[in-house]
Amino acid sequence: MPELPDVEIMRRYMERTSLYQPISDVVRLNEDVLRNLSADRLKGTLAGSQFEQTLRHGKYLFARTNTKGWVVFHFGMTGYLEYHEEKGKTHRHTRVEFIFQNGRGLSFILQRKLGGLWLTESVAGFMEKQGLGPDALDGKLGSDELKGVAQNTGGSVKSFLMNQKRIAGIGNVYSDEILFQTGILPWTLTENIYSEGWQKLATKTREVLETAIERGADPGEMPGSYLLPHRREGDICPRCKGEISAAKISGRTAYFCTGCQS
DNA sequence: ACATTGACCTGAGAGC
DNA sequence: TGCTCTCAGGTCAATG
């Protein structure tokens, strides 16, 4: 799930459901996912406060409270948020649950404990510490900027896109989609991409991510011309009806079409 | 500076 | 049905 579009959907979800409700308690705290704080500190900091604003950068979700800075969520490979209206009806993989005064709750659910939660006073400071690059949907990130971010780096275009220090928000699935839409094979070296290629990459990155957000980051809702619903080895390419191939690139499985990408 | 590997976790699905 | 193996949308550290 949680690449940029998924996190953006969760941000909007949180915004819709969980703002301006006083937090009465924080429960089901799993220390494994608390990154720079103890369960007691989280509880102590949040009890009596409320979330007032959300913000996303890359795959991170920030929620500002009216008291002490921001709660930071990262969803790993399996995380999501779930707001529930009925008490006690919560998922077994809930790692942190915020209980609101009205009895409702917001669960931070992680099956695998690869995500995490932090507290920070400063979003900018947090991003700096994590070494995050500009958000992939940053309005200022045009083809020149993208090219600039790729400067002084070798390596494949796929690992470039997935490198959060260069651009934040793109993971394995959406890098495949962007490269499919752009018509570039994933192992192409960034140094072999010229102006026209960067132009296309910048355009398609924005287009793919925005489309995904519009469609609720639901693979089943993607346009017919997208790779996502066919992202399996041997599946049929939605463009040329050829076969989708798979290969390991920087340790992750990349899916692509040799007929449509070069 | 890059790619690769393994570690961190847990569960789903495949193959036997 | 049950076992074992492999793999999964992420990141981090160690190694080559």
Q: Examine the side chains of A/S175 and A/K158 and answer whether a donor and an acceptor come within less than 3.5 Å of each other.
A: yes
Q) C/dT11 phosphate, OP1 or OP2: any side-chain N/O from A/K59 under 4.0 angstrom? A) yes
Q. Rounded to the nearest Å, what distance is computed from the CD atom of residue A/E233 to the C1' atom of nucleotide B/dG13?
A. 16 Å
Q) Whole-Å distance between C/dT6 C1' and A/R232 CZ? A) 18 Å
Q.
Suppose we define a pair by two distances each less than 3.5 Å, Watson-Crick or G-U wobble; what does B/dC9 pair with here?
A. none
Q) Any side-chain N or O of A/S159 under 4.0 Å from OP1/OP2 of B/dA3? A) yes
Q: Determine, stepwise, if the pair A/Y13 / A/Y80 fulfils ring-ring contact (aromatic ring centres under 6.0 Å, His included).
A: CA-CA 10 Å; A/Y13 177 76; A/Y80 58 99; 9.3 Å; no
**Q.** Distance test, side-chain N/O of A/R252 to OP1/OP2 of C/dG10, below 4.0 Å
**A.** yes
(Q) Can you measure A/K165 atom NZ to B/dA3 atom P for me and round it to whole angstrom units? (A) 14 Å
Q: Using a 4.0 Å heavy-atom cut-off across all strands, classify A/Y255 as base, sugar-phosphate, or nothing.
A: sugar-phosphate
Q. If we take the P atom in both B/dA14 and C/dG9, what is their distance in whole Å?
A. 16 Å
Q.
Could you tell me how far B/dG6 sits from C/dC5 if I compare only their P atoms? Round to whole Å.
A. 16 Å
Q) Of all the nucleotides listed (C/dG10, B/dC9, B/dC2), which has the minimum atom distance to the side chain of A/R112? A) B/dC9
Q: Calculate the interatomic distance between A/L61 atom CG and C/dG9 atom C1'; express it in whole Å.
A: 17 Å
Q. With a non-hydrogen cut-off below 4.0 angstrom, is A/T153 in contact with a base, only sugar-phosphate, or nothing?
A. sugar-phosphate
Q | Protein-nucleotide distance (A/H93, atom NE2; B/dA12, atom P), rounded to Å | A | 8 Å
Q: Return the orientation label for the A/H91 and A/H93 ring planes: parallel under 30°, perpendicular over 60°, tilted otherwise.
A: tilted
Q: Using a heavy-atom cut-off of under 4.0 Å over every strand shown, decide if A/Q130 touches base, sugar-phosphate, or nothing.
A: sugar-phosphate
Q.
What contact category does A/R35 fall into here, base, sugar-phosphate, or nothing, at under 4.0 angstrom with non-hydrogen atoms?
A. nothing
(Q) Tell me the interatomic distance from A/N30, atom CG, to B/dC8, atom P, rounded to whole angstroms. (A) 16 Å
Q | Separation of the P atoms in B/dC9 and C/dC3, to the nearest angstrom | A | 25 Å
Q) So, is A/T78 close to the B/dT10 phosphate, meaning a side-chain N or O under 4.0 Å from OP1 or OP2? A) no
Q. For the ring pair A/F51 and A/F98, is the centre-to-centre distance below 6.0 Å?
A. yes
Q: Calculate the interatomic distance between A/D32 atom CG and B/dC9 atom C1'; express it in whole Å.
A: 9 Å
Q: Rounded to whole angstrom, note down the P distance from B/dA12 over to C/dT1.
A: 16 Å
Q.
Looking at C/dG9, which nucleotide sits across from it as a Watson-Crick or G-U wobble partner, both distances under 3.5 angstrom, or is there none?
A. none
Q.
Classify the ring geometry of A/Y60 against A/F126: parallel below 30°, tilted from 30° to 60°, perpendicular beyond 60°.
A. perpendicular
Q.
By nearest atom, which of the nucleotides B/dC9, B/dC2, B/dA3 is closest to the A/S156 side chain?
A. B/dA3
Q | Flag if over 12 foreign heavy atoms under 6.0 Å of CG, A/N102 | A | yes
Q.
I want to confirm an ordering. Mapping A/M162 and A/Q111 to their closest nucleotides on DNA chain C, which one lands closer to the 5' end?
A. A/Q111
Q: Starting from C1' on C/dG9, measure out to CD on A/E8 and report it in whole angstrom.
A: 17 Å
Q: Look at the side chain of A/H74 and decide which nucleotide, out of C/dT11, C/dA8, B/dC8, has an atom nearest to it.
A: C/dT11
